[in-house]
Protein chains: 2
Amino acid sequence: MLQVSRKFEYGLHAVTYLATKGLGRVVTVKEMADEIGFSQEFLSKAMQSLKRAGIAASVQGVKGGYRLGKAIEEVTVADIALAIEGKPHLVRCGVKADRCEIFSSCHHRGYINTLQHKIQALLTATTIHSLLKEIEG
Amino acid sequence: MLQVSRKFEYGLHAVTYLATKGLGRVVTVKEMADEIGFSQEFLSKAMQSLKRAGIAASVQGVKGGYRLGKAIEEVTVADIALAIEGKPHLVRCGVKADRCEIFSSCHHRGYINTLQHKIQALLTATTIHSLLKEIEG
DNA sequence: CTTAATAGGGTTAAAATAGTCCTATTTAAC
DNA sequence: GTTAAATAGGACTATTTTAACCCTATTAAG
Ligand code: SF4
Ligand code: SF4
């Protein structure tokens, strides 16, 4: 269906939330989930992925939470997608060749791979900074 | 995971198969499935979708099968995707607004929709004709 | 030492995708 | 006209992926 995962949307919303509500401020998952309207548990998983990628930074313990890990000019939508969904692969042979029974005789991979790179370029072209400008402006 | 459906790949392979093996020739699903290396039953479903969209034409009865329904200069990858997967929607609110609990407060739709249009433009930019030239050349 | 938070493994539930099966219809060939 | 080879398509099942939840451990403020 060529659809973006829900977790990615959770992550994207979370990052823009962090970016708008105080740049250095530490925000709990609970606050974000309540404000945005998402499931706290699931958003928590998304935040953990973002943290591992350095997009968010975490503070543990009471008064803990998350804040941005990078300047919003340096985080692209592609980064968030990578952090949450892992390396993109439009076709199953991108995961592993033997996942496709016709791998050795397929003549379409080249095209599909360039297509993928173009899509990736689109995602890379948008930083969170420019996304916010687009939303507000 | 942003992955293309298997049925779409079946369809794409089938169309290029029809295009290379004789333009007017009527080819059975069995032949295509055997040659390409796909499941006959499932490929059959893909062909039915392509037929409904006019991309393939069918001949029923003994000696029946499929042939191309349009000139390969007039069929784009986007057409095949549309025929097989239906209207694209990168996010669930594209199917129906109430599929997302935060629809009314979401500020990301605009961006995601332009992203979708750009991806769609990429698919529309490749006709089967140009795809074949790319493969052969 | 208690409490509020993240970290993360493991499990379950729901949905989408992939594939199969079966029957009806069409039509060429005999 | 009967048979056989094909598409048409509905219904079903299996598999895989996604989404969500639960539970325990760890961290650190008060
Ligand atoms: S059909 Fe080709 S592009 Fe698609 S998964 Fe198989 S090898 Fe890859
Ligand atoms: S979060 Fe926004 S873009 Fe995503 S499905 Fe909901 S309304 Fe649509």
Side-chain angles (χ1 to χ4, degrees), chain A residues 1-11 13-14 18 25-34 37-53 56-67 69 81 84-86 88-92 94-96 99-102, chain B residues 1-11 13-14 18 25-34 37-53 56-67 69 81 84-86 88-92 94-96 99-102:
Chain A
M1 215 196 269
L2 207 59
Q3 188 169 292
V4 109
S5 83
R6 200 68 177 143
K7 198 171 164 193
F8 166 79
E9 290 209 66
Y10 273 51
H13 270 90
L18 289 177
R25 191 174 144 223
V26 171
V27 180
T28 66
V29 169
K30 186 173 187 313
E31 175 185 331
M32 276 192 282
D34 286 352
F38 280 152
S39 140
Q40 183 179 334
E41 292 274 10
F42 195 42
L43 176 59
S44 167
K45 296 293 186 190
M47 292 314 298
Q48 286 173 26
S49 299
L50 291 175
K51 189 231 153 175
R52 280 183 216 111
S58 72
V59 177
Q60 286 189 303
V62 184
K63 298 270 173 184
Y66 291 95
R67 57 184 164 72
I84 286 184
E85 308 197 330
H89 31 69
L90 224 40
V91 281
R92 60 183 56 196
V95 187
K96 204 158 182 298
R99 293 241 277 162
C100 182
E101 63 273 34
I102 67 164
Chain B
M1 216 197 269
L2 206 59
Q3 189 169 289
V4 109
S5 82
R6 199 67 178 144
K7 199 172 163 192
F8 166 78
E9 291 209 66
Y10 273 52
H13 271 90
L18 288 178
R25 189 173 145 224
V26 171
V27 179
T28 66
V29 170
K30 185 172 188 314
E31 174 185 332
M32 275 192 281
D34 286 351
F38 281 152
S39 140
Q40 181 177 337
E41 292 276 10
F42 196 43
L43 176 59
S44 168
K45 295 295 184 190
M47 293 314 299
Q48 285 173 27
S49 298
L50 292 174
K51 188 232 154 174
R52 280 184 215 112
S58 72
V59 177
Q60 285 189 305
V62 182
K63 297 270 173 185
Y66 291 96
R67 56 184 165 72
I84 286 184
E85 309 198 329
H89 32 68
L90 223 41
V91 282
R92 59 184 57 198
V95 187
K96 202 156 183 298
R99 294 240 280 163
C100 182
E101 64 273 35
I102 68 164

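Proteins come first, then strands; the chains are lettered A, B, ... in the order of their sequence lines, and each starts at number 1.
The side-chain heavy atoms of A:K63 and A:V26, taken from C-beta on, include no pair separated by under 4.5 Å. Side-chain contact between B:K7 and B:S49: present, with at least one pair of heavy atoms (C-beta onward) separated by less than 4.5 Å.
Comparing atom distances between the A:Y66 side chain and each of D:dA20, C:dA7, C:dA28 picks out C:dA7 as nearest. Relative to the side chain of A:V29, the nucleotides C:dT6, C:dA28, D:dT7 differ in distance, and C:dT6 lies closest. The listed nucleotides are C:dG19, D:dA4, D:dT7; the one nearest the side chain of B:V62 is D:dA4.
The nearest whole Å value for the distance from the CD1 atom in A:I102 to the P atom in C:dA18 is 14 Å. One can place NZ of B:K63 at 10 Å from C1' of D:dA5, the figure rounded to the nearest angstrom. Atom CZ in B:R25 sits about 13 Å away from atom P in D:dA6, given to the nearest Å. Following rounding to the nearest Å, A:Q60 (CD) and D:dT24 (C1') show an atom-to-atom distance of 14 Å. The interatomic distance linking A:E9 (CD) with D:dA19 (C1') rounds to 13 Å, in whole Å. When the C1' atom of D:dT18 is taken as reference, atom CD of B:Q3 falls 13 Å away, rounded to whole Å. Atom P of nucleotide C:dT20 and atom CZ of B:F38 are separated by 13 Å, given to the nearest angstrom. Rounded to whole Å, atom P of C:dA16 lies 18 Å from atom CZ of A:R92.
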Sequence-aligned protein contact record of nucleotides 9-16 of chain D, with B where the base is within under 4.0 Å of a protein heavy atom and S where only the sugar-phosphate is: BBB-----
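Annotation: of the two residues near DNA chain D, B:S58 and A:K7, the 5′-most nearest-nucleotide partner is B:S58.
For C:dT20, one of the phosphate oxygens OP1 or OP2 lies less than 4.0 angstrom from a side-chain nitrogen or oxygen of B:S39.
A:L2 and B:L90 make their closest contact through O-CD1, 3.3 Å (heavy atoms, listed as atom of the first residue, atom of the second, distance).
When heavy atoms are screened at a 4.0 angstrom cut-off, B:Y10 is found touching the sugar-phosphate backbone but no base atom.
A salt bridge links B:R6 and A:E101; the closest N-O separation between the charged side-chain nitrogens and carboxylate oxygens is under 4.0 Å. Ion pair A:R25/A:E31 flagged as a salt bridge, since at least one NZ, NE, NH1 or NH2 atom sits closer than 4.0 Å to an Asp/Glu carboxylate oxygen.
Ring geometry for A:F38 versus A:Y10: interplanar angle under 30°, hence parallel rather than tilted (30 to 60°).
A donor-acceptor contact shorter than 3.5 Å links the side chain of A:E85 to the backbone of A:S5.
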